[in-house]
Amino acid sequence: MKDAALVSRLRADLLAWYDGHGRDLPWRKGARDPYRVWLSEVMLQQTTTAHAAPYYARFLELWPTVADLAAADDGAVMAQWAGLGYYARARRLLECARAVVRDHGGRFPDREDALLKLPGFGPYTAAAVAAIAFDHPANVVDGNIERVMTRLYAIATPLPAGRSEVRQASAQWVMAQRAGDWPQALMDLANQVCRPKSPLCLLCPLNAACVAFRAGDPDRYPAKLAKAPKPRRHGVVFVVTDGVSVIVERREGKGLLGGMLGLPHSDWQAEGGEVAVKHMFDLTYQTFGAYEHVFTHFALTQEVWLARVSVDDFSDVLRRHNAYQALPLAEVKALPTVFAKALKSLLSLDLAAG
DNA sequence: TACCCGTGGCT
DNA sequence: TAGCCAAGGGT
């Protein structure tokens with residue numbers, strides 16, 4: 001632990017740094033609306049600010065309030081989330097919006113413990129919304145703040161086992177004054193100065209208290225457990241089109257890409273496994289090259305099989321297979337990237353021809 | 001706890 | 001190129 005007077009002084013220094021050097025992010029504009037704070041926090045989970053920003057703008061345009069989002073069509077929300085990844089976030093986003101309307105009169109609760117009970121709220125998001133939207137002195141700990149704290153205190157215990165030490169360290173800096181600015185100041189410091197690699201320690205307003213800096217090895221922190229190697233899988237995706245639309249299905253369940261539209265595909269088999277390719281819908285396919293897509297826990301090599309059919313045959317497929325629907329080629333953006341890539345690989349072709 | 005769950009940019 | 005990394009949550 002550090003001396004309380006030192007913490008208090010350096011905290012003021014970092015807030016001053018934040019006032020001059022903090023990032024100008026879309027969700028920081030205007031008054032702090034709990035809905036906007038929450039929406040941004042969910043989108044930013046494991047996602048870069050640059051990737052999330054256009055999605056944030058689009059969601060606010062379509063659904064300006066939590067009540068608007070609660071009333072939205074599930075498929076429309078999933079389609080707007082396509083490409084952002086971690087699709088369970090979108091499912092829980094809707095669940096949460098509806099819970100806020102149903103159980104809280106359309107207003108987010110301001111207490112951290114009440115927020116924690118809402119779908120998609122974990123320890124980080126509950127603390128972040130309590131702090132940023134309601135200015136409560138919550139102990140906000142995310143990957144950025146973990147990095148700053150493990151360096152400040154030279155916490156060598158590898159994560160995630162070291163999380164309790166990190167929380168204790170972080171708690172020492174939490175105060176009522178500018179409670180909402182504080183975690184954002186830490187995150188901006190982590191992003192611009194206390195970077196994962198080659199941190200700019202000489203520019204850091206906290207360096208006087210940083211044990212890792214004094215020891216000359218900030219890159220050691222945070223220590224992390226070795227990751228399991230990523231297996232490789234392979235499969236075949238089927239593109240069935242009449243030149244205007246493609247055949248897609250709504251993916252069931254809560255697993256990979258659950259709730260999203262997807263192209264029909266074979267099993268995704270581990271290396272050495274035989275891919276059971278049946279000729280989907282009893283159609284004849286041309287084969288194209290394969291493309292690569294990397295998920296969180298496996299890498300996929302996928303062959304593209306294309307069937308260009310007449311308008312009548314296309315309708316016939318839809319009539320005979322209830323689980324499938326047509327997606328206009330102009331709406332490819334409604335698909336997760338792993339499937340959008342398959343269509344992109346055919347973009348040089350004129351699908352309407354032949 | 002360990003694992004599941006996307007994507008894109010950077011090195 | 002392969003690996004790392006980014007405002008985590010659920011089970």
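All chains are named by letter (A, B, ...) in the order of the sequence lines, taking the proteins before the strands, and each is independently numbered beginning at 1. As the structure is a computational prediction, the values presented were derived from the model and not from experiment.
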Sequence neighbours left out, what passes ring-ring contact (aromatic ring centres under 6.0 Å, His included) with [X]? Give chain and number order.
X	result
A:His265	A:Trp268, A:Phe339
A:Tyr291	none
A:His21	A:Trp17
A:His321	A:Phe281

With a 4.0 Å cut-off (strictly under) to non-hydrogen atoms of chain A, the first and last hit nts on DNA chain C, 5' to 3', are C:dC5 to C:dG10
Nearest heavy atom decides the nucleotide; on that basis, is A:Met187 or A:Leu116 closer to the 5' end of DNA chain C? A:Met187
In the hydrophobic clustering that connects Ile, Leu, Val, Met, Phe, Trp and Tyr at side-chain heavy-atom distances below 4.5 Å, which members other than A:Phe213 occupy its cluster, ordered by chain and number?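 ILVMFWY cluster around A:Phe213 also holds A:Leu202.
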Reading 5' to 3' through nucleotides 2-11 of chain B, protein heavy-atom contacts under 4.0 Å coded B for base, S for sugar-phosphate only, - for none: --SBBBS---
Enumerate the residue pairs fulfilling ring pair (Phe, Tyr, Trp, His ring centres under 6.0 Å) with a member in residues 145-170 of chain A, sequence neighbours excluded, ordered by first and then second residue. none
For [X], answer base if it contacts any base atom (sugar-phosphate contacts may also be present), sugar-phosphate if it contacts only those atoms, and nothing otherwise; contact means non-hydrogen atoms under 4.0 Å.
X	result
A:Leu25	base
A:Trp38	nothing
A:Thr125	sugar-phosphate
A:Pro123	sugar-phosphate

Of all pairs that satisfy salt bridge (charged side-chain N to carboxylate O under 4.0 Å, His left out), the ones with a partner from [range], not counting sequence neighbours:
range	answer
residues 142-158 of chain A	A:Glu146-A:Arg163
residues 185-212 of chain A	A:Arg23-A:Asp188, A:Arg28-A:Asp188
residues 63-74 of chain A	A:Asp74-A:Arg98

Let's see if you get this right: which residues in residues 145-154 of chain A place a heavy atom under 4.0 Å from DNA chain B? none
Whole-Å [atom1] distance, [N] and [M]:
N	M	atom1	answer
C:dA2	B:dC5	P	23 Å
C:dC4	B:dC3	P	16 Å
C:dA7	B:dT11	P	16 Å
B:dT1	C:dG9	P	16 Å

Any idea how A:Trp81 and A:Phe59 line up, ring-wise: parallel (<30°), tilted (30 to 60°), or perpendicular (>60°)? perpendicular
Using 30° and 60° as the class limits, which term best fits the ring planes of A:Phe238 and A:Trp305: parallel, tilted or perpendicular? perpendicular
